[in-house]
Amino acid sequence: MSGYFKEIFDGGKSLLVGLGITFKQMIQPVVTERYPRTAPKMPPRYRGHIDLVRDEEGNNKCIACGMCQRNCPTGCITIKGEKPEGAKKKVLTFYRLDFTTCSLCGICVESCPTDALEFSKEYNLAGYSAGDFVFDLLKRCEERRR
Amino acid sequence: MSEWAADPSYETFVLNMGPQHPATHGALRVKLRMDGEYIVEAEPVLGYIHRMHEKMGENRTYLQFMPNTGRLDYLSALSYNHGYVSAVERAAGITVPERAEYLRVITVELNRISSHLLWVGAFVLDLGGFTPLLYAMDDREQILDLLERVTGSRLTYCYFRFGGLYNDVDDDFEAGARAIVKRMRDKLPMYHNLISKNIILRQRLEGVGPITGEMCRKYGATGPVARGSGIPYDVRRHEPYSVYPELDFDIPVYEQGDSMARYLVRMDEIEQSLRIIEQGLDKMPDGPVMAEKVPKIIKPPKGDYYFAVEAARGSFGVRLVSDGTNTPYRLKLRSPCFSNVSLFGEAARGMLLADAVAMFGSLDLVIPDIDR
Amino acid sequence: MAELPEIFRVMAYVGGIMAFVGLNAAFLVWMERKVAGHIQRRIGPKEVGPFGILQSLADGIKLMSKQLVVPAKADPILYRVAPALTMITAVMVFVVIPFGPALVARDINIGLLLIFAIASVNVLALLIGGWGSNNKYSVISATRAVSQNVAYEVPMLITVVTMVMIVGSMNLNEIVGQQGNLLQWYIFPWNGSILLPVAFVIFFICSLAETNRAPFDLGEAESELVAGFHTEYGGMGFGLFFLGEYGHVFVGCALASILFLGGWQCPFGWMPGVHWMMIKTYLLIFVVMWIRWTYPRTTLYGLLNLSWKVMVPFSLAVLLVTAAMLKVF
Amino acid sequence: MKTNAVEKALGALGSAQVAVSDHATRGFHLNVTVNPEEVVRAAEVLDAEGFFIEAVTGVDWLGEQEALAKEAAKKAAAAQKAAEAAAAETAEQGGGEEGAASPPEPADEAEAAGQGQEPAEDSFEVVYDFNHFQQLCRVTVRTRVPRSNPELPTISTVYPGADWHEREAHDFFGLIFTGHPDLSPLLLPEDADFHPLRKDYKP
């Protein structure tokens with residue numbers, strides 16, 4: 001019989017302790033980060049979609065060698081470049097990234113011989129159609145220069 | 001209670017739990033033949049989220065398969081990175097510098113704590129308690145922020161490389177990690193008072209869904225499911241790899257084999273992981289994070305290799321059959337949840353629906369890990 | 001001015017009660033989400049109107065704008081009657097609840113009996129709803145809700161019988177009238193029998209179970225039965241179940257405050273009034289919500305064990321001790 | 001240690017060749033190859049020793065035999081070229097010893113053997129992984145099953161856990177496990193008749 005009362009007493013005590021905890025939590029300040037009003041700051045190594053690195057005058061360092069295109073596991077990068085006569089190195093003319101199939105593994109950034117790629121800090125990429133996620137990095141690079 | 005359900009005249013009905021059901025945490029369907037609220041027979045149906053990772057492994061180079069490992073069990077993705085990377089290092093004979101191994105162990109243990117935290121929240125949510133999920137998510141957020149600062153991603157990591165890491169940690173990683181350890185140590189008593197000692201929860205879990213050691217052996221269940229049934233099997237101790245032998249931590253084992261035991265095993269594992277992280281941070285030497293001459297294209301010699309790691313849900317094994325080229329000939333991923341869920345059919349026979357949901361939650365299943 | 005004919009009084013009270021039930025449900029929806037928010041260290045509704053007040057209005061409009069879909073194989077009559085029935089029982093009970101000394105729709109001398117008669121019809125509504133929507137989950141949840149309410153009707157009535165024994169009448173206004181200031185409330189052991197606080201706790205827990213709330217919400221157990229008996233209901237069907245549930249929660253807490261905390265009596269005895277009744281009831285409703293966001297759900301057998309093995313013996317003990325003490329003193 | 005106890009027990013099986021391999025470099029301790037019929041026996045032995053089933057899977061060795069045959073032919077051709085060079089050299093020195101004549105013969109037989117019968121039939125390799133909870137000992141049991149009729153007995157009677165692994169192997173490779181309770185597709189859709197992990201699978 002004593003077990004019966006003891007169990008009820010212990011049970012009751014554990015219930016009251018539980019209430020105490022939630023009350024203590026209720027008094028403490030709220031932890032929500034009000035996203036639309038306060039934009040969160042992304043850490044330096046945050047992996048957004050890849051972007052072309054711009055050196056001082058603002059043009060990119062890419063030599064259109066296609067290393068990133070070959071190494072990408074899901075083949076989401078397509079590049080076109082041509083060699084202007086007289087110049088030694090090829091120049092990038094078209095850089096298309098299909099971000100819908102990119103898995104952000106960083107192999108392209110790693111395998112680029114001239115370190116022409118880096119991770120951007122874009123995080124709110126809402127779009128209405130899949131087309132919104134196909135980026136033309138060359139155009140983005142020029143836009144940022146102006 | 002359901003013996004007379006055996007004769008065909010007694011009418012039982014089939015209830016579909018899933019593939020879209022709050023308790024299955026993903027696209028897994030369990031066909032329950034029910035007699036009233038008692039389960040006469042339960043049969044999990046898989047394949048709703050099957051992506052054929054093993055075929056992808058055969059037409060990708062070794063490095064290109066790295067992001068796939070993070071998509072298997074996305075809650076402890078770093079352990080899966082660790083398993084795959086170590087398997088290829090064992091095959092190709094690459095040795096990893098000391099600092100990289102320590103950093104790997106620390107980030108894997110942080111990932112294990114974040115996985116257990118999310119599991120505790122979701123598990124108590126299955127039992128009807130809404131609030132602990134939010135507290136667990138709040139603590140887990142700290143770990144995700146720290147790992148995001150280091151690896152760049154929050155859930156599906158691709159941070160390890162053959163021979164070391166993608167890049168070294170920044171300097172306030174150690175301070176961040178120690179702050180997390182301190183914060184978790186203060187918070188654990190709160191969790192125990194709110195959840196473990198709560199009489200309603202104890203009544204819901206004690207004696208519910210008993211799994212015997214023999215059943216674990218027959219079905220190959222590993223991880224907290226086996227350790228809840230009295231089997232002290234933990235790959236970190238049993239088949240020591242990386243720098244685990246130098247770290248001193250113990251393996252929580254409970255004998256009862258019911259849902260409460262599995263819950264307590266995971267809660268104690270959080271404490272052990274905190275100990276590992278602390279020791280790791282103390283013993284971590286300086287030095288390079290990447291082995292010197294790691295070939296650009298990995299071509300391991302012919303033959304087959306096996307490497308097992310202790311993921312948050314059990315022993316994750318990679319069987320790598322290489323034919324000397326730069327893509328694996330065959331890549332078998334032995335997933336822990338696949339074996340853990342296979343014993344649900346036999347274990348749930350004769351249980352009440354509410355208890356079956358509690359036991360299902362205590363198995364801690366991640367469906368993409370089952371379907372691969 | 002001349003006494004207005006009776007019909008105006010009835011019309012005023014019917015309008016008042018209907019408005020009150022609607023507003024009360026809207027307020028409780030907002031309050032529950034705010035309380036849940038702050039317990040879980042988040043804000044709760046914030047965007048719609050100042051402090052999110054209009055959130056429940058927005059929910060109401062959303063629910064009303066939804067198309068009323070009747071599942072093909074659902075029983076046409078039962079499916080439609082069930083939500084209405086919960087609403088009817090929720091509203092009818094307000095007839096006898098004394099909000100203020102003179103503010104009671106109909107002061108019937110068997111008020112308490114009327115409340116419990118109507119409240120038990122609510123279980124029927126859940127059963128009809130569950131069975132009518134022809135969905136396996138709903139049938140399971142309906143049978144659970146029935147066995148749960150039956151199990152908790154018994155101890156609740158036994159504690160109410162002890163209260164009636166002490167007070168001597170079932171007229172709610174009289175019950176409140178006899179409880180003057182704080183020291184005369186029936187929650188304190190020196191006012192009737194030494195086990196009155198236990199009676200209050202039992203009554204409160206049983207009212208939780210009656211209204212399918214907190215740890216006993218097996219009726220609409222999300223994680224097992226998807227949404228219990230109102231799985232197939234969308235739009236206002238679900239809305240009515242929701243209004244009904246909040247109506248019953250208010251009635252349960254109002255009864256607890258009437259029987260034990262001296263309804264509209266003021267703790268210090270000066271001007272009693274409807275505000276005291278509101279404060280006490282909404283405090284109790286806060287406790288109900290606080291419990292809901294703290295505990296997990298019990299199982300059916302755990303719940304029935306609690307009722308038959310703990311609640312009923314304790315309430316019988318309270319009954320006997322009270323009877324003995326009333327005889328002696 | 002558990003390994004030698006198991007080694008003796010498995011050795012007792014008729015066709016088992018038991019090889020101890022180094023765990024550090026290969027990941028398993030015992031590498032056992034058995035005939036398909038012996039698989040259930042091996043499973044029973046390991047079950048008696050208290051092992052748990054870790055995984056069952058297949059490897060499709062399509063084109064292996066051809067590669068072997070080509071290799072053998074290449075080796076034979078190389079050996080023959082070397083023999084001719086040696087014979088030409090002795091002819092230059094005018095020495096007439098017969099010694100040089102002998103090396104070409106072995107080259108011819110190998111060559112003849114090479115093209116003689118058409119290369120042996122390709123096969124699936126079915127790999128069973130067992131491990132032990134208490135002592136560290138991973139045993140890998142392998143069998144070869146011809147690709148034309150990939151049949152072998154099921155071990156789900158001994159290890160119920162293998163039931164799903166075998167269904168998965170059936171999904172991916174088309175291996176037929178005789179005596180299996182229900183060999184319907186597990187991960188692939190119900191009406192799947194293709195086997196993705198076969199090397200000759202065209203999506």
Side-chain angles (χ1 to χ4, degrees), chain B residues 43-52 54-55 57-58 86-87 90-91 93 213-222 226 230-233 235 237-240 301 303-308 315 317-321 323 329-330 332-336 338-339 341-343 345-346 370-372, chain D residues 21 23-29 31 47 50-64 67 125 127 129-138 140 142 156 158-165 167-169 171-173 182 184-190 192 196-199 201 203:
Chain B
E43 192 226 336
V45 177
L46 311 178
Y48 287 93
I49 194 166
H50 170 59
R51 294 144 300 172
M52 200 70 229
E54 290 167 5
K55 184 75 179 178
E58 283 171 13
S86 311
R90 167 174 279 176
E214 187 57 17
M215 200 192 282
C216 283
R217 194 175 71 76
K218 287 287 183 184
Y219 282 91
T222 54
I231 299 175
Y233 176 72
V235 181
R237 267 286 175 268
H238 189 74
E239 216 175 320
D304 76 352
Y305 311 87
Y306 191 94
F307 196 96
S315 109
V318 175
R319 169 169 292 284
L320 179 67
V321 177
D323 57 358
Y329 187 77
R330 167 79 171 104
K332 160 72 182 171
L333 305 167
R334 190 264 176 197
S335 94
F338 186 82
S339 312
V341 83
S342 60
L343 59 83
E346 186 181 326
I370 298 172
D371 290 349
R372 289 185 305 279
Chain D
S21 64
H23 176 262
T25 57
R26 297 292 298 281
F28 41 84
H29 295 85
N31 188 356
D47 183 26
F51 277 73
F52 72 94
I53 175 90
E54 232 177 6
V56 173
T57 185
V59 183
D60 174 11
W61 293 104
L62 178 72
E64 183 195 30
E125 180 191 14
V127 183
D129 279 322
F130 295 91
N131 198 342
H132 200 276
F133 278 138
Q134 275 72 28
Q135 277 106 352
L136 166 62
C137 169
R138 174 168 291 111
T140 312
R142 301 166 194 280
S156 56
V158 181
Y159 281 99
D163 174 330
W164 275 13
H165 288 285
R167 273 176 72 184
E168 183 195 324
D171 279 1
F172 293 162
F173 293 94
D182 145 36
S184 60
L186 180 70
L187 294 175
L188 296 180
E190 281 75 21
L197 273 184
R198 287 190 175 182
K199 287 297 176 186
Y201 164 72

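The chains referred to below are lettered A, B, ... by the order of the sequence lines, with proteins before strands, and numbering in each begins at 1.
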S.K.: Examine whether an atom of B:Pro44 lies under 4.5 Å from a heavy atom of chain D, and if so say whether it belongs to the side chain, the backbone or both; otherwise answer neither.
M.R.: both
S.K.: Checking B:Ile231 against chain D: side chain, backbone, both or neither under 4.5 Å from a heavy atom?
M.R.: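 It is the side chain, since no backbone atom gets that close.
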S.K.: Between D:Asp60 and B:Arg330, does at least one N-O distance fall below 4.0 Å, as a salt bridge requires?
M.R.: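 Here D:Asp60 does not pair with B:Arg330 in a salt bridge, since their nearest N and O are not under 4.0 Å apart.
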S.K.: Which atom pair, heavy atoms only, marks the closest approach of D:Pro196 to B:Met52?
M.R.: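 Nearest heavy atoms, D:Pro196 then B:Met52: CG-SD, 3.9 Å.
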S.K.: Under the side chain to side chain contact (heavy atoms under 4.5 Å, CB included) criterion, do D:Glu125 and B:Val321 qualify, and how do the steps go?
M.R.: CA-CA 11 Å; D:Glu125 180 191 14; B:Val321 177; 5.9 Å; no
S.K.: Given that the side chain runs from C-beta out, which part of B:Val341 has a heavy atom under 4.5 Å from chain D: side chain, backbone, both or neither?
M.R.: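 Both parts, heavy atoms under 4.5 Å.
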S.K.: Answer yes when B:Arg334 and D:Asp129 have at least one side-chain N-carboxylate O distance shorter than 4.0 Å, and no when they do not.
M.R.: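 No, no charged N to carboxylate O under 4.0 Å.
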S.K.: Using non-hydrogen atoms only, which part of B:Ala221 is less than 4.5 Å away from chain D: side chain, backbone, both, or neither?
M.R.: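 Contact with chain D: backbone only.
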S.K.: If every non-hydrogen atom of B:Arg90 is compared with every non-hydrogen atom of D:Ala24, which pair is closest and at what distance?
M.R.: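 Smallest heavy-atom distance, with atoms named: NE-O, 2.9 Å.
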S.K.: Would you call D:Glu168 and B:Lys332 a salt bridge, taking side-chain N to carboxylate O under 4.0 Å as the test?
M.R.: yes
S.K.: Quick one: which of B:Glu58, B:His50, B:Lys218, B:Glu54 has the most heavy-atom pairs under 4.5 Å with chain D, could you say?
M.R.: B:Lys218
S.K.: Given a strict heavy-atom distance threshold of 4.5 Å, which part of B:Tyr329 is in contact with chain D: side chain, backbone, both, or neither?
M.R.: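 Looking at B:Tyr329, backbone and side chain both touch chain D.
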S.K.: Below 4.5 Å from any heavy atom of chain B, which atoms of D:Phe172 appear? Answer side chain, backbone, both or neither.
M.R.: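 Side chain only.
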S.K.: So what's closer than 4.5 Å to chain D heavy atoms on B:Ser342: side chain, backbone, both or neither?
M.R.: both
S.K.: Where on D:Arg142 is there a heavy atom nearer than 4.5 Å to chain B: the side chain, the backbone, both, or neither?
M.R.: side chain
S.K.: Give, as side chain, backbone, both or neither, the part of B:Ser335 having an atom under 4.5 angstrom from any heavy atom of chain D.
M.R.: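 Contact with chain D involves no heavy atom of B:Ser335 at all.
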S.K.: Can you label the angle between the B:Tyr233 ring and the D:Phe52 ring as parallel, tilted or perpendicular, going by 30° and 60°?
M.R.: perpendicular
S.K.: Examine B:His238 together with D:Phe133 and report whether their ring centres are nearer than 6.0 Å.
M.R.: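 They do not qualify: ring centres at least 6.0 Å apart.
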S.K.: What part of B:Asp304 is in contact with chain D, defined as an atom under 4.5 angstrom from a non-hydrogen atom: side chain, backbone, both or neither?
M.R.: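 Both parts, heavy atoms under 4.5 Å.
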